[in-house]
Amino acid sequence: MPTCHVLLITIVGLIGSVFLFRPSIRGRSSTHYSYFFIFGVISSNPKFSQTKNLISPPLSSEDKRAAAGDIAFSTLKIHQYLMAVSSCARAFPSFQCRSDPDFSGGVPRHDVPNAGVRFSGNANSLSHGSSVHSMSSLILRFPPNFVRQLSVKARRNCSNIGVAQVVAASWSNNHASPDFTSAAKAVDAAAAVAPLDITTGDEEVAVVEDPPRADRNVQIEDLRGVKYSSFLSCDGSIAIHAGERLGRGIVTDAITTPVVNTSAYFFKKTAELIDFKEKRRASFEYGRYGNPTTVVAEEKISALEGAESTLLMASGMCASTVMLLALVPAGGHIVTTTDCYRKTRIFIETILPKMGITATVIDPADTGALEAVLNQKKVTLFFTESPTNPFLRCVDIELVSKLCHEKGTLVCIDGTFATPLNQKALALGADLVVHSATKYLAGHNDVLGGCISGPDKLVSAVRNLHHILGGAINPNAAYLIIRGMKTLHLRVQQQNSTAQRIAEILEAHPKVRCVYYPGLPSHPEYHLAKRQMTGFGGVVSFEVDGDLLTTAKFVDALKIPYIAPSFGGCESIVDQPAIMSYWDLSQSERAKYGILDNLIRFSFGVEDFEDLKADILQALEAI
Ligand SMILES: Cc1ncc(COP(=O)(O)O)c(C=O)c1O
């Protein structure tokens with residue numbers, strides 16, 4: 001048969017199927033349109049293409065028999081299907097193409113028998129009543145995120161085309177009988193929408209909550225309102241499950257959180273939009289204000305930090321700069337510490353003064369200096385890393401929080417080096433905790449992100465400015481952070497252990513002058529670190545016995561770590577700060593920050609300890 005005929009039949013078939021399932025037409029003249037539908041089904045069926053080839057001469061007699069068999073089989077099944085459809089239409093008036101994609105309430109469940117049956121084609125099942133339920137329900141249910149993104153009209157047409165495709169597929173996959181019951185349960189689980197906190201701009205929005213229903217999936221229904229802590233006792237389990245199955249506002253039966261790549265969210269009617277604006281309805285609105293994938297990552301971090309709220313942003317720098325801009329008023333004063341990530345220092349020294357914001361810089365251990373500033377000035381915020389970059393100094397979070405709170409000063413800790421597993425800054429008394437999620441949280445050297453966690457009130461203030469400044473994290477990046485966090489406890493355990501053991505080896509090595517690691521008794525805040533941390537992290541800084549070039553020679557002799565600027569990932573990374581981060585300054589200017597030419601910052605990945613030890617020892621031998 002010529003190709004144009006095939007095309008023509010396909011188009012006619014599809015149009016036929018559209019008419020067949022249009023509610024206004026279906027009741028009256030379904031028989032006529034059935035024939036269009038038959039064409040649609042046959043032309044959509046892969047068997048048709050075989051058949052098409054077979055009926056073009058020359059054909060062997062065996063081929064002809066096969067073709068005839070195929071056509072007869074398809075026709076029989078179409079007939080069975082149409083019979084099933086007409087009885088189904090009577091028994092279940094809801095058997096119609098769905099124009100309302102709102103799975104959370106638009107179509108009452110009792111109207112949708114076996115709603116949510118996962119499709120597994122089975123021609124035989126079409127002749128049974130229960131299978132008809134299954135077929136009708138699978139036709140009625142398209143993936144919600146797919147359906148909700150289509151216009152009403154497009155959805156209706158898609159549904160109809162989908163019917164033909166589904167039927168055709170079922171006939172071409174004429175295999176074993178599927179377990180419709182368990183599949184139905186699985187998809188129903190997906191249809192349950194868990195509560196979700198959303199805010200947009202400066203508007204606090206209500207909670208997205210699906211009305212409770214008797215036929216909801218047991219698994220999710222049973223877990224509603226259950227606190228993670230009632231059955232997840234450790235951070236490792238919380239890092240895996242928090243925010244996802246137990247709280248995710250995404251309709252899906254996937255184990256993993258879907259990446260919702262959308263820049264905006266639609267409203268079905270203006271009335272819905274007004275309800276949203278007037279806070280009677282919860283919804284996402286625009287990608288810069290929130291994203292369901294990102295919410296899952298935020299929930300995970302909140303659970304680990306014991307925070308009411310977390311805001312995930314495009315980078316660690318984004319988190320700390322927006323936090324400072326949001327919380328410190330123009331003309332305000334902050335206190336920070338000497339040792340810190342250079343770009344944070346640059347922001348405090350050069351950008352904040354444009355808003356008239358000044359800073360007092362103190363040694364991380366000098367609480368006396370902190371007290372003095374607090375007594376002299378109205379200090380809005382004390383902001384420090386703990387441990388610090390690159391000397392891993394520690395700040396007594398409990399003590400500084402007490403001192404600051406007495407004066408109404410907020411405390412924000414950049415806990416990037418600690419991770420939420422080794423240190424709980426909020427539990428120690430801090431108001432806010434910031435992380436560069438780029439490092440341990442994501443943990444795979446493959447994504448940038450930053451977050452700030454704390455009480456809703458403070459995080460909302462940061463969020464409102466963030467919505468204006470616009471450093472939104474991409475949902476794909478949020479997904480990588482979610483995925484990374486599932487192994488956070490395993491990685492951090494390994495990194496803590498390797499770093500501790502190698503720090504001890506380095507300290508005893510004749511070619512190493514000094515080691516900076518809070519897990520060593522020689523560290524100035526060793527006792528404090530032991531009190532406020534449960535592990536000391538995967539970064540060890542040390543000075544080798546040599547000058548800039550000797551140190552570079554050591555770096556170049558290492559075979560395992562990458563020479564790169566980051567830390568906290570699976571791959572070990574080595575960095576000579578004098579070159580990597582301070583090369584634009586003279587040697588004496590670098591020395592003001594304690595950055596000597598022979599300083600090395602070594603971030604241990606999750607490689608085998610013995611391999612790393614052997615590599616470091618051989619590199620030290622090389623100098
Ligand atoms: C302690 C600390 N905080 C914040 C940042 C900035 O994070 P990001 O690179 O994700 O912007 C860094 C970067 O290295 C850091 O070391």
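The figures here come from the full heavy-atom set of this structure, side chains too, leaving out hydrogens, waters and symmetry mates. Counting convention: from 1, in listed order, for ligands and their atoms alike.
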Peer 1: Which one holds for Lys343 and ligand 1: side chain close, backbone close, both close, or neither close, with close meaning a heavy atom under 4.0 Å?
Peer 2: neither
Peer 1: Check for me whether Arg601 meets the cation-pi criterion with Phe567, that is, NZ or CZ under 6.0 Å from the six-membered ring centre and within 45 degrees of the ring axis.
Peer 2: no
Peer 1: Please state which protein non-hydrogen atom is closest to atom 5 (C) of ligand 1 and give its distance, to 0.1 Å?
Peer 2: Tyr341 CD2, 3.6 Å
Peer 1: If the cut-off is 4.0 Å to any non-hydrogen atom of Gly449, which atoms of ligand 1 fall inside it?
Peer 2: 10 (O)
Peer 1: Side chains of Glu543 and Tyr516: donor-acceptor distance under 3.5 Å anywhere?
Peer 2: yes
Peer 1: Checking a contact table here: which protein heavy atom is nearest atom 10 (O) of ligand 1, and how many Å away?
Peer 2: Thr438 OG1, 2.6 Å
Peer 1: Can you pull out the closest protein heavy atom to atom 9 (O) of ligand 1? Residue, atom name and distance to 0.1 Å, please.
Peer 2: Lys439 NZ, 3.4 Å
Peer 1: Any N or O of Cys318 that comes nearer than 3.5 Å to an N or O of ligand 1?
Peer 2: no
Peer 1: Answer whether the closest heavy-atom distance between the side chains of Leu232 and Ile240 falls below 4.5 Å.
Peer 2: no
Peer 1: So which protein heavy atom does atom 11 (O) of ligand 1 come closest to, and at what separation?
Peer 2: Met317 N, 2.8 Å
Peer 1: What part of Glu385, side chain from CB on, backbone N/CA/C/O, both or neither, has a heavy atom under 4.0 Å from ligand 1?
Peer 2: side chain
Peer 1: Identify, for atom 16 (O) of ligand 1, the protein heavy atom at the shortest distance, and state residue, atom and that distance.
Peer 2: Asn389 ND2, 3.0 Å
Peer 1: Can a side-chain donor-acceptor contact be found between Ser522 and Glu507 if the only test is distance below 3.5 angstrom?
Peer 2: yes
Peer 1: Which atoms of ligand 1 are found less than 4.0 Å from any heavy atom of Ser436?
Peer 2: 4 (C), 5 (C), 7 (O), 8 (P), 10 (O)
Peer 1: Kindly indicate whether a cation-pi arrangement holds for Arg501 with Phe609, taking the cut-offs as under 6.0 Å to the six-membered ring centre and within 45° of the axis.
Peer 2: yes
Peer 1: Before giving the answer on side chain to side chain donor-acceptor pair (under 3.5 Å), spell out for Thr384 and Ser386 the whole-Å C-alpha distance, their side-chain angles and the decisive distance to 0.1 Å.
Peer 2: CA-CA 6 Å; Thr384 183; Ser386 189; over 6 Å; no
Peer 1: Can you check side chain to side chain donor-acceptor pair (under 3.5 Å) on His444 and Glu571, steps first, answer last?
Peer 2: CA-CA 7 Å; His444 288 70; Glu571 298 86 358; over 6 Å; no
Peer 1: Any donor-acceptor pair under 3.5 Å linking the side chain of Ser302 with the backbone of Thr310?
Peer 2: yes
Peer 1: Who's the nearest protein heavy-atom neighbour of atom 2 (C) of ligand 1, and how far?
Peer 2: Asp414 OD2, 3.4 Å
